[in-house]
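Reckoned from all heavy atoms, side chains included, excluding hydrogens, waters and symmetry mates. None of the values given here were measured: they were computed from a predicted structure. Chain letters run A, B, ... following the sequence lines, proteins first and then strands; every chain starts at 1.
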There are 2 protein chains.
Amino acid sequence: MAVRAIVYERNGDPASVLRTVTFPPEPLSRKSIRVKVLLSLVNPSDLHVVHGSYAIQPDPREVDVNGKRKTVYLPGNEGLGEIAEVGPDVESLKSGDWVVFSKSQSGTWSSGQVLEEDDVIKIDEGSGISAVTAATLTVNPATAYKMLTSFVDLKPGDWIAQNAANSSAGQAVIQLASARGIHTINLIRKKDDFAKTERLLKDLGADVVLTYDDVADDERAREVVGDKEVRLLLDCVGGQGTKDTLRLASKGSHLVVYGSMAQEDLRLPPFLLIFKDIHVRGFWRTGWFNSSTLEERSKFLDELVQVMVNSKFKEPVHEIVKIEGTLSDEEATGKVQEIFERVNKGTGGTKIILEVETPRGF
Amino acid sequence: MAVRAIVYERNGDPASVLRTVTFPPEPLSRKSIRVKVLLSLVNPSDLHVVHGSYAIQPDPREVDVNGKRKTVYLPGNEGLGEIAEVGPDVESLKSGDWVVFSKSQSGTWSSGQVLEEDDVIKIDEGSGISAVTAATLTVNPATAYKMLTSFVDLKPGDWIAQNAANSSAGQAVIQLASARGIHTINLIRKKDDFAKTERLLKDLGADVVLTYDDVADDERAREVVGDKEVRLLLDCVGGQGTKDTLRLASKGSHLVVYGSMAQEDLRLPPFLLIFKDIHVRGFWRTGWFNSSTLEERSKFLDELVQVMVNSKFKEPVHEIVKIEGTLSDEEATGKVQEIFERVNKGTGGTKIILEVETPRGF
């Protein structure tokens with residue numbers, strides 16, 4: 001069964017450098033697994049990977065394309081797979097199992113992959129989790145849930161604050177915090193459709209939705225906070241956005257930085273750190289996955305899936321784009337370029353989910 | 001025995017708003033102590049207090065000055081005192097004991113104070129510590145030693161880095177780190193007398209002395225670090241200085257911010273926090289003293305005095321300025337204004353230590 005993959009040979013604009021190639025299936029070793037990729041995500045970090053502006057790159061791979069040996073990179077980090085075949089020494093997985101990808105840069109923008117047993121985490125299909133929710137589990141909900149449970153021992157009734165609250169991760173934070181009885185103050189940009197976004201976030205469980213202007217000075221921030229104790233602040237903006245968010249911090253609270261939409265240095269008033277004893281940490285989901293054991297990751301995802309199913313976690317707004325198995329590589333490449341031209345223009349918050357079918361006739 | 005104190009009635013430039021007043025001694029309660037101030041420090045933070053730009057102010061006090069009731073503030077935070085008299089219920093202190101001031105803003109720029117037993121910490125004169133070292137103990141060496149021992153479990157042979165290495169606190173860090181076998185990378189400003197400052201800091205025990213230019217880009221910083229693991233970074237500069245210092249950070253290291261000479265927001269590259277898992281904290285010696293018990297503070301200072309005496313800790317370069325008891329308040333005020341005019345111009349690293357004598361003839 002041939003494999004189709006979206007690949008690049010050099011970094012650059014995804015709409016220009018990505019192409020589709022088809023190559024023969026890799027052999028399976030005793031401990032490896034063959035995974036059919038059911039759904040794979042196009043996340044902002046994937047675009048940085050292709051551009052070459054991310055901290056990591058996929059490993060280079062030598063593949064045969066139309067009889068020629070080529071060195072290519074297979075992007076794609078998140079998705080849902082189904083076990084197609086396991087090596088004779090694989091014990092924890094069997095054909096038909098649903099899995100998500102814990103190995104960073106597994107190359108999920110493809111019809112399938114040969115991986116090691118430890119590179120995936122089994123997802124309990126019987127939990128009632130949907131395929132789309134499972135496919136979108138390991139980046140945003142996992143980031144949100146880990147941040148909510150790792151830095152501060154939050155109890156029901158506690159308050160947190162976050163910026164970029166309308167991002168995918170921000171929306172996951174709102175839902176997962178709400179599921180645990182934790183209240184959220186959510187900062188979003190001032191836009192014409194503020195009321196619409198506020199409604200959307202409140203429907204997800206947000207308690208307070210504000211613009212950055214609402215906390216632009218200490219006095220207004222104090223009014224917002226009132227007698228709430230804001231113990232955790234999640235920052236994915238940087239620059240001035242961090243400074244505005246920090247105005248909501250209570251003494252001894254933790255600021256966790258997990259992204260940098262503004263692509264600017266954080267701005268932290270030193271006296272706030274000194275006199276309010278703010279703890280600042282970065283969080284990188286990939287780094288944590290890499291440094292954890294399979295058992296830790298599995299336990300974490302089991303708990304997360306349980307919380308999500310129990311709290312009726314909403315699927316992200318998405319569009320599934322199929323790369324049909326009947327297309328030639330040339331046709332498929334054309335379709336991929338169209339997709340990434342759309343992604344470059346912005347999809348208005350709609351997540352693009354790829355479904356790369358196994359190519360036929362090879 | 002009358003008390004002479006340097007006071008202000010309103011915030012402002014110390015050379016303008018400070019004056020000297022003499023008032024009758026306060027009565028002693030059963031649990032209070034009368035402390036004669038032997039030496040008191042003029043620290044940069046004291047100037048901020050008088051200017052009104054510091055997080056805290058001394059408590060206002062009503063004192064009789066020439067028969068008139070006045071509300072004044074008594075600045076002065078650090079110094080060495082000698083117990084002159086104790087209330088009948090005071091058990092831990094006796095006349096003649098040396099003490100340092102743990103209560104924030106005790107008003108050490110005076111000839112004496114009535115305080116509570118818990119407001120001071122006894123210093124073992126028998127340890128061989130000099131009066132000047134004891135008088136300059138609670139701000140810089142205490143800050144340095146607490147930062148070296150609280151955030152990272154440093155072992156002999158470990159490396160730390162700091163900026164503003166030539167400051168009083170920086171010099172204390174070098175000496176105390178060296179006393180524990182910890183290596184230091186020290187950043188200072190590029191100046192004509194770099195070689196002289198480098199020599200001074202190396203004489204104190206510095207391993208590496210560099211200018212900010214030497215770590216101004218990642219490549220140069222990597223060369224400096226080599227295979228050293230820099231586990232703790234001490235920042236008292238802010239702004240770009242923080243960013244330059246952070247280039248020396250190893251993965252998982254701790255940045256502790258304890259001052260802000262540049263008076264600018266810290267600039268922290270978010271991806272450094274995220275991918276290198278840098279922990280950022282503020283440290284405020286006063287806040288820690290306030291939140292600790294007398295027993296904790298005493299134990300800490302006993303240990304610090306021991307380390308300082310054993311390692312032949314060098315007294316800071318200083319000048320003792322006496323406000324003679326024979327001066328009238330008017331004359332003494334003139335002298336105080338002269339002193340603070342000199343302080344405003346900068347004393348070139350020489351610490352001004354006040355010795356306010358008990359006024360005679362009152």
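Between Lys251(B) and Asp277(B) there is no salt bridge, since no side-chain nitrogen of the basic residue lies less than 4.0 Å from a carboxylate oxygen of the acidic one. Classification of Arg267(A) and Asp265(A) as a salt-bridged pair fails, no side-chain N sitting under 4.0 Å from a carboxylate O.
With a 4.5 angstrom heavy-atom cutoff, Phe275(B) touches chain A via backbone and side-chain atoms both. For Glu264(B), the part sitting under 4.5 Å from any heavy atom of chain A is the backbone (N, CA, C, O) and nothing else. Lys243(B) touches chain A through its side chain: at least one heavy atom from C-beta onward sits under 4.5 Å away, while N, CA, C and O do not. For Ile278(B), the part lying near chain A is the backbone, with the side chain staying farther off; criterion is any non-hydrogen pair under 4.5 Å.
With rounding to the nearest 0.5 angstrom, the CZ atom of Arg285(A) is 8.5 Å from the CG atom of Asn290(A).
The side-chain heavy atoms of Met261(A) and Cys236(A), taken from C-beta on, include a pair separated by under 4.5 Å.
With chain B as partner, the option from Leu273(A), Ile56(A), Leu266(A), Asp235(A) having the largest number of non-hydrogen pairs under 4.5 angstrom is Leu266(A).
Here the two rings, on Tyr8(B) and Trp109(B), have centers that are 6.0 Å apart or farther.
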